[in-house]
Structure formats: C-alpha cells, structure tokens
Amino acid sequence: MTLSGKAGLAVIDVQEDFCEPNGSLAVKGGRELAEVWNDLLSLPFAVKLATRDYHPQDHISFASQHSGKQPFADTLMVKNPENESDDPFTVTLWPDHCVQGTKGCEIIPELDQSKLTQVIRKGWDKRVEAFSAFGPAYRNPRVGMSGLGDSLREAGITDLFVVGLAYDYCVKHTAIDAVEHGFKTYVIEDATAAIDKSDEGLAKLRKELQDKGVTIIDLNSKELDAVRKA
Ligand SMILES: [Zn+2]
C-alpha cells in the first residue's frame, strides 16, 4: 500500500502522572513502551507530535474540586460553558494529575523529545474535560480547541497514526476526533496501553473505534511499511 499524502505521528500523554511508579493515574505497562515510541519517532513521519495533559490546579475533572466526591467512583455532568443547551458530558472525576508546573505533568525522560516537531497542550481550560488532542468534546460551539486540526492540514498531513496513553481514553478520543477532522486515522495498538485491560473492555473499545472509522493496526502492519518507504 502507499499513503495518499503525508503521514503524521501523535504520541499521546506520555507523562509522569500516567506512568508507574509515581503517577497519580498510572497506566500499567506505559513507561515500558518508551522504546517502541522512540522507534516510531525515528520513522520519516512529516509531523511528530506529542501531547501533554496540562491542567490548572482547579481543573473541573479533579475530585478534589468537588466536596464529597471521590476519584474514580464519582462522576459529574458538565455543560458546555458557552451554551447551556449543547449536549452535556458526564465525566469521571480523577485524582489531581498533570497539574501545570508539577513533575507529574512532565513528559517522561525515556521519550526522545529531540525527535518531536511539536508539543500540543490540552486540558488547560479548567471548565471542561479534554481527552482529545484536538479539543473538548463539545460541538455547539466547540470550546478550547488546540488548533491541531489546522496545523496538521497546513503541514499537508492526510494520515495520522496515534499511539500513547491511555488507549481507552485520550488515544481513543484523539483518534475518533482525527477521523472527524478528515484524516485517515490509525491506532497502533501495540504502541498503546489501556487502563481497562479486560478482554471485554478491549473488544468494546475496538468496536467503538472501528465504528467511528478508525483503523486498528500493529507495529508489523503494511501501513507502517508505507511510512518507512515514504
Ligand atoms: Zn486530565
């Protein structure tokens, strides 16, 4: 196969708070993928970006901001701050994580950042959750967009490969949004790690991605050969 245009690589949220041993929202097996991500960053992708979850201390997704609420166990319905009648989203409340200026917000040192062409910050708007690198899930109107869609289009990117953490949250939502933004989108599954590693969880996640038009591949897939030959 050949690519229809240029390929980009998005390495999602490879940050201390999403990795063991000290991360407040650590994904098992995350840090161990650093070599895989570095190998991918060595391929001739036209854009190689990383994202950082980049929250203010008083971010709405932190259970600590809501009295009596427990992380993981409690949820919150969050309306579009710019239109009360837009579809609201129920968000899981988390422990504080990836707070700007803290160690937990830093990209792990094992990732070779010298190969990155850009770093996208997300989750900086304290009013809304933002799993996707493109921006929060609201559509009417969109709020707090990262500008990633435009910057990829300006770079001539047609195909986006998504890897990183966590597969079932920010990787998933970034990939689904990438399809909506018009990119041919691939998740390289063995370059991701999920929070929910159960067979049922994985099956549901794969179906959701495929239903939304995301292609799930692995490191040996022909799509990556096309990038190597580009
Ligand atoms: Zn977050």
Side-chain angles (χ1 to χ4, degrees), residues 8-43 45 47-55 57 59 61-64 71-72 92-124 129-133 146 148 160-175 178 185-199 201-202 205-206 209 214 216-221 224 227:
L9 177 69
V11 183
I12 304 299
D13 292 6
V14 177
Q15 291 165 272
E16 290 290 354
D17 265 341
F18 294 127
C19 291
E20 292 182 318
N22 297 317
S24 62
L25 261 177
V27 184
K28 273 198 191 330
R31 193 184 299 270
E32 291 77 358
L33 290 169
E35 236 175 277
V36 171
W37 297 322
N38 288 337
D39 285 348
L40 288 168
L41 284 169
S42 300
L43 300 183
F45 288 101
V47 166
K48 303 172 186 183
L49 70 97
T51 62
R52 288 174 77 188
D53 211 21
Y54 198 75
H55 294 311
Q57 179 63 63
H59 192 255
S61 77
F62 296 170
S64 62
F72 304 110
T92 300
L93 294 174
W94 308 113
D96 291 12
H97 64 278
C98 298
V99 174
Q100 298 164 15
T102 65
K103 170 97 173 141
C105 190
E106 288 173 14
I107 289 177
I108 60 171
E110 291 87 346
L111 191 78
D112 184 355
Q113 288 195 61
S114 70
K115 296 193 170 97
L116 297 173
T117 58
Q118 55 184 309
V119 177
I120 300 283
R121 292 173 173 178
K122 63 185 185 63
W124 39 264
E129 179 62 287
F131 290 141
S132 163
S146 67
L148 178 59
L160 188 67
F161 293 75
V162 188
V163 301
L165 303 174
Y167 185 16
D168 38 354
Y169 287 91
C170 294
V171 169
K172 170 182 124 176
H173 287 278
T174 298
T185 307
Y186 307 89
V187 167
I188 308 172
E189 194 167 67
D190 41 358
T192 68
I195 292 174
D196 178 0
K197 297 187 195 304
S198 69
D199 288 345
L202 191 58
L205 173 59
R206 284 174 176 156
L209 286 168
V214 177
I216 299 168
I217 62 171
D218 62 42
L219 291 163
N220 296 314
S221 294
L224 278 174
V227 174

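The structure presented is a predicted model; accordingly, all values stated were derived computationally and were not measured. The basis for the numbers below is simple: all heavy atoms, side chains too, and nothing from hydrogens, waters or symmetry mates. In this chain, numbering begins with 1 at the start of the sequence shown.
- The ring-ring contact (aromatic ring centres under 6.0 Å, His included) check on Phe18 picks up His97, with sequence neighbours excluded.
- The side chain to side chain contact (heavy atoms under 4.5 Å, CB included) test applied to Gln118 returns Val47, Leu49, Ile120, Ser151, not counting sequence neighbours.
- Among all heavy-atom pairs drawn from Ala193 and Leu165, the shortest one is CB-CD2, 3.8 Å.
- Distance check, rounded to the nearest 0.5 Å: CG of Leu40 to CD of Glu35 gives 11.5 Å.
- Side-chain contact between Val163 and Ile12 is absent, with no heavy-atom pair separated by less than 4.5 Å.
- Here the shortest heavy-atom pairing between Ala178 and Leu160 reads CB-CD2, 3.9 Å.
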Discussion item. Walk me through whether Ile188 and Trp37 qualify under side-chain contact (heavy atoms from CB on, under 4.5 Å).
Written reply: CA-CA 10 Å; Ile188 308 172; Trp37 297 322; over 6 Å; no
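- Panel note: side chain Ser61, backbone Glu129; no donor-acceptor pair is recorded below 3.5 Å.
- Within the 4.5 Å cutoff, the side chain of Pro71 has no heavy atoms near those of the Trp94 side chain.
- Each of Thr174, Thr51, Asp13 was checked for a side-chain hydrogen bond (donor to acceptor under 3.5 Å, both in side chains) with Lys122, and the lone residue meeting it is Asp13.
- To the nearest 0.5 Å, atom CZ of residue Arg121 and atom OG of residue Ser146 are 13.0 Å apart.
- To the nearest 0.5 Å, atoms OH (Tyr186) and CD1 (Ile216) are separated by 13.0 Å.
- Residue Phe45 holds its CZ atom at 12.5 Å from NZ of Lys115, rounded to the nearest 0.5 Å.
- The backbone N or O of Asp218 sits nowhere less than 3.5 Å from a side-chain atom of Glu189 that would complete a donor-acceptor pair.
- Minimum interatomic distance between Gln100 and Tyr54 (heavy atoms only, all atoms of both residues): NE2-O, 3.0 Å.
- The two residues Ile195 and Ala166 come nearest to each other via the heavy atoms CG1-CB, 3.9 Å.
- The shortest heavy-atom contact between Glu110 and Ala34 is CB-CB, 3.5 Å.
- Within a 6.0 Å sphere centred on NZ of Lys28, other residues, nucleotides and ligands contribute 12 heavy atoms or fewer.
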Discussion item. Using the rule given for side-chain contact (heavy atoms from CB on, under 4.5 Å), can you reason through Arg52 versus Trp124, listing the C-alpha separation, both sets of side-chain angles and the distance that settles it, and then say yes or no?
Written reply: CA-CA 10 Å; Arg52 288 174 77 188; Trp124 39 264; over 6 Å; no
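- At a threshold of 4.0 Å, the pair Arg31-Glu20 does not count as salt-bridged, since none of the basic side-chain nitrogens sits closer than that to a carboxylate oxygen.
- Of all the heavy atoms in Leu33 and Ala191, the pair that sits closest is CD1-C, 4.0 Å.
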Worksheet item: So Phe161 and Leu224, side-chain contact (heavy atoms from CB on, under 4.5 Å) or not? Walk me through it.
Response: CA-CA 9 Å; Phe161 293 75; Leu224 278 174; 4.2 Å; yes
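- Taking CD of Glu16 as the reference point, atom OG of Ser24 lies at 11.0 Å (rounded to 0.5 Å).
- To the nearest 0.5 Å, atom OG1 of residue Thr92 and atom OH of residue Tyr169 are 5.0 Å apart.
- In terms of modelled atom types and a separation under 3.5 Å, the side chain of His55 and the main chain of Cys98 share no donor-acceptor contact.
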Worksheet item: Going through the distances and angles, do Val162 and Thr185 end up as a side-chain contact (heavy atoms from CB on, under 4.5 Å)?
Response: CA-CA 8 Å; Val162 188; Thr185 307; 4.2 Å; yes
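- Scanning for side chain to side chain contact (heavy atoms under 4.5 Å, CB included) contacts around Ala130 gives Pro136, with sequence neighbours left out.
- Remark: side-chain polar atoms of Asn38 are paired, donor with acceptor, to backbone N or O of Asp112 under 3.5 angstrom.
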